[in-house]
Structures are given as structure tokens and as C-alpha cells.
Chemist: 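Dropping a structure here in C-alpha cells format, bear with me for questions.
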Amino acid sequence: MNALSDRLQAIRDRITAAAQRCGRDPASIELLAVSKTFPVKAIREAVDAGQLLFGENKVQEILAKAPQLPANLHWHLIGHLQSNKVRKVLPHVKAIHSIGSLDLARDVDRIAGELGLFPQVYIEVNLAAESSKHGFSAEQLRASLEALYALKRLEIQGLMCIPPFDADPAKSRPYFTHLRELRDELAQRGGAPLPRLSMGMSHDFEIAIEEGATIVRVGSAIFGERTYQTAA
Ligand SMILES: *Cc1c(COP(=O)(O)O)cnc(C)c1O
């Protein structure tokens, strides 16, 4: 056992424990290992420890890393996506967590059609209305729902959020609760079931699980501290 596989196992154990504490099936929660800024070598160690699902926040990094790694890995894009990069990235990703506007959703739908793909997507909701972050406000999302559901190439999984960072993970809980309640409300309206919630990072993923996360995005707790920050 090396340090990375130990850390990965520790996160898996904590996911299982958090799920059991709140009466959820641990198998209903996916671990997205966020490998942004880390080299292919580190990703290989995680693969050797059984991890197949990886998240990156830059198109360029996925394009650089994916060809050097086994083809059976699944890549999720979790960072902001510019329309002019959709065509490049779509063939390499299983899911996009950062559909933060109707314009982007339409571009992804159109280009997925041209490429013959059906990408899984999460709608990013900017619950704190932070100007530094992308995403729909709850109000915009309610107003855009029909237009989003009309995009037949998008396999809409559910909602995603990135709460404002606070060293105290308890501060994330109200955002996670809000995202789940918004999902419940929208699912109730019909049109799409929205079964999934992408929420929770290294410092607050257990709270996210308690609030209904189905995929947690964990980077530094697996790979170590990042030596430089990339834009979220
Ligand atoms: C970097 C990043 C993560 C992982 O953050 P850690 O604190 O390293 O776990 C999760 N989600 C998004 C959108 C990110 O950009």
C-alpha cells in the first residue's frame, strides 16, 4: 500500500460510513477523484487502486492526460466550459458537471448531435449568486427548465453546486440542502426525474452525503495539496 491508495481507501471508508449514518446505500454514491493539476503518474496510482472515475476542470488537461491512460477510465469535466471548446472535449468525457447557462446547454446539445453523442450533464446552480462563479440562479433555472428539457441530446442527470468556500464544512450544509430541495421541486414539476446531485468536496463531502449527494468530487484529500490553484 502506498500513501495515495491509503488515502483513496480512507475516503471510500468515510463515504460508506457517512451513507450508513443516514440510512443510505453506500453504492448509491459515486466518488469522482478530482485529479486537476496532478500528473498522469498520480492518476495511474489511483487506477491501480481501483479508481476509474476522474474529474478535471480544464479541457486542456483532459486532452493531455486521457490519451496517456487506460481507455476504460471515465472523465468528468467539472470546470467552466467555453463554447469554443465543446467540440474538442465532448468525445473524451462521459459527463459535464458545469452546464451553467442555456446558451452553453444549446451548444453542447447541437455539437453532441453532430458527433452522434449523448453526454450526461449536470445543471450548475450558483446558489450564493457569487459573481465569480458560473451557473443558473434558482429563478433562472425554473424559467429555463422547458428549454433545457427540449435538448434531446443531453442526458440531464440532476444538479450541481459549489458552495462558497468556508473552512468550516458546516457552512456548506444550507447550500446542499437548498440544492436538494430545488431538485425535489423541479422533479415534482415533471419533465425529467433529476435523480442525481453533484455536491461535496474534500472538506465537506460527508455533509453533502447526508444531504443527498450521489456523486462527491474529491481532489486534495486523495491526491494531496495542489501546488497551484486552477480556476474552479
Ligand atoms: C477542484 C474542485 C473540486 C475538488 O476540490 P478539493 O477541495 O480538492 O476536493 C471539486 N469540484 C470542483 C468544481 C473543483 O474545481
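Just the heavy atoms: all of them, side chains too, but no hydrogens, waters or symmetry mates, feed the values below. Every number for a ligand or one of its atoms is a count from 1 in the order of the listing.
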Chemist: Yes or no on salt bridge (Lys or Arg N to Asp or Glu O under 4.0 Å) for Arg14 and Glu206, after CA distance, side-chain angles and deciding distance?
Modeler: CA-CA 7 Å; Arg14 284 169 62 189; Glu206 285 148 315; 2.9 Å; yes

Chemist: Going by heavy atoms, is His203 under 4.0 Å from ligand 1?
Modeler: no

Chemist: Would you mind listing which atoms of ligand 1 come within a distance below 4.0 Å of any non-hydrogen atom of Ile162?
Modeler: 13 (C)

Chemist: Taking the minimum heavy-atom distance to atom 3 (C) of ligand 1, which of Glu225, His80, Met201 ranks first?
Modeler: Met201

Chemist: State plainly whether the residues Arg87 and Glu114 are in salt-bridge range, i.e. N to O under 4.0 Å.
Modeler: yes

Chemist: What I want to find out is whether Arg110 reaches Asp107 closely enough, with some N-O distance under 4.0 Å, to be called a salt bridge.
Modeler: yes

Chemist: Charged N to carboxylate O below 4.0 Å: is that the case for Arg142 and Glu185?
Modeler: yes

Chemist: Answer yes if Tyr149 and Leu151 sit in the same cluster of Ile, Leu, Val, Met, Phe, Trp and Tyr residues linked by side chain heavy atoms under 4.5 Å apart, and no otherwise.
Modeler: yes

Chemist: As an exercise, identify every atom of ligand 1 less than 4.0 angstrom from a heavy atom of Arg217.
Modeler: 4 (C), 9 (O), 10 (C), 11 (N), 12 (C), 13 (C)

Chemist: Which part of Val218 is near ligand 1, with near meaning a heavy atom under 4.0 Å away: side chain, backbone, both or neither?
Modeler: backbone

Chemist: Looking only at non-hydrogen atoms, which of Ala33, Gly55, Ser202 approaches atom 9 (O) of ligand 1 most closely?
Modeler: Ser202

Chemist: Under 3.5 Å between any N/O of Met160 and any N/O of ligand 1: does that happen in this structure?
Modeler: no

Chemist: Show me which atoms of ligand 1 lie under 4.0 Å from any heavy atom of Gly219.
Modeler: 4 (C), 6 (P), 8 (O), 9 (O)

Chemist: His134 vs His80 aromatic rings, parallel, tilted or perpendicular, using cut-offs 30° and 60°?
Modeler: parallel

Chemist: State plainly whether the residues Glu211 and Arg180 are in salt-bridge range, i.e. N to O under 4.0 Å.
Modeler: yes

Chemist: Taking 4.0 Å as the limit for heavy-atom contacts, which would you say applies to Arg226 with ligand 1: side chain only, backbone only, both, or neither?
Modeler: side chain

